[in-house]
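Structure first, commentary second.
Just so it is clear, the structure is predicted and the values come from calculations on it, not from any experiment. Start at 1 and go down the list; that is how both ligands and their atoms are numbered.
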Amino acid sequence: TKVQSLKNHQESPDIILSELPKERGWLSDQHVHQYNGFWYPTGILQGLIALQQHHYKPQPNDVLLASYPKSGTTWLKALLFAITNRTQYNFNTHPLLSSNPHELVPQLEAYAFKHPTNPTPNTSLMHSHLAFNSLPESKCKIVYVFRDPKDVLASCWHFVQKLRSKELPSISLPEAFDQFTKGCSPFGPFWDHVMGYYKASLEFPKTVLFLKYEDLKKNPIFNAKRLAEFLGQPFSLEEESEGIVDRITELCSFEKLSNLEVNKDGTHTGFFIPTIANNTFFRQGKVGDSKNHLSGEMIEVLDEITKQKLGSDLITT
Ligand code: A3P
């Protein structure tokens, strides 16, 4: 297609963007553009183009966290950071006590947007909201976090209420629902995003791990061990008996992180937004809160799409 053929050329991002279908974005006056089947905000696409033009490839030892927005990225960033760096830090002076997880684990395509001439972040742990089919090919380990789309939509909508510029017309929940179910929400269609990673996890179980937010909530310790094993860094018996797994899951829990000074009152520099309040990333941290916000009809529609598109394997309720 035109899009795929453009991708391999050194065209300017503006020319590439102008060729793509677009829709209203959610956070700012940036649009979302349809590229390779997904709706990406302008800056994200510019970052992706920079990565492609530099033929960027993660290293085999890198770890990439992938997620649809509001699916538990902040939590997984914290967990992966704490697990992969566990020999370097103690729990009294741990970086997670003084930095928001988003400062410790950069978002690949957002970093590339900010540094288009040298788009490679210098960390081996990073994150992406890109769909699986837009990721650079690589042998690195990928951890995907899935969350019930009802909670994702409710969480997204609250996030947008907080961050969307007050100068722009607000987006009502029914409007957000409409765009989300049609598939043209940022990084959507949600269900295709999930399916891309789910299929990859079945096809390449050694390199792609598919986790559910709801499972993590139910059993964080079991899932932290699973993560460490998947990354080739299993907890030793000694570590387990010292309580390291418990301490990591406690440190990364919603209760702990959201009550830290840095996450209550601190801010960090965003790639797209100059200053973001860290508390924007912590709201309820619960399973099923969407039922307090979505109408019965919205819930039915979302469950029906999920059943049709993802099948019973991924139904979480
Ligand atoms: P809610 O809005 O439902 O509370 P992301 O990190 O992908 O942006 O997702 C944000 C969602 O994850 C928010 O959901 C937020 O409260 C929740 N969250 C943040 N940190 C968490 C943690 N440590 N444990 C569980 N949920 C967390």
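Salt bridge status for Arg86 with Glu239: present, with a side-chain N to carboxylate O gap under 4.0 Å. Look at Lys182 and Asp178 and you find a salt bridge, because one of the NZ, NE, NH1 or NH2 atoms lies within 4.0 Å of a carboxylate O, short of that distance. Under a 4.0 Å N-O distance rule, the pair Lys225/Glu240 qualifies as a salt bridge. Between Asp289 and Arg283 there is a salt bridge, since a side-chain N of the basic residue sits under 4.0 Å from a carboxylate O of the acidic one.
Residue-level proximity to ligand 1 for Ala154 is absent, since no heavy atom of it falls below 4.0 angstrom. At a 4.0 Å heavy-atom cut-off, ligand 1 touches Arg147 through the side chain alone.
Cluster membership for Tyr89 and Ile244, using ILVMFWY side-chain heavy atoms within less than 4.5 angstrom, is shared.
Ligand-side atoms of ligand 1 in range of Gly72: 5 (P), 6 (O), 7 (O), 9 (O), range being under 4.0 angstrom from any heavy atom.
Heavy atoms of Lys70 come nearer than 4.0 angstrom to ligand 1 in at least one pair.
Geometrically, ligand 1 and Gly285 share a nitrogen or oxygen pair separated by less than 3.5 Å.
The nearest non-hydrogen atom to atom 22 (C) of ligand 1, considering only Phe281, Tyr68, Trp75, comes from Trp75. Of the candidates Phe254, Phe282, Tyr213, the one placing a heavy atom closest to atom 26 (N) of ligand 1 is Tyr213. In this structure, of Leu76, Leu65, Thr73, the residue bringing a heavy atom nearest to atom 7 (O) of ligand 1 is Thr73.
Aromatic ring centres of Tyr213 and Trp75 lie closer together than 6.0 Å.
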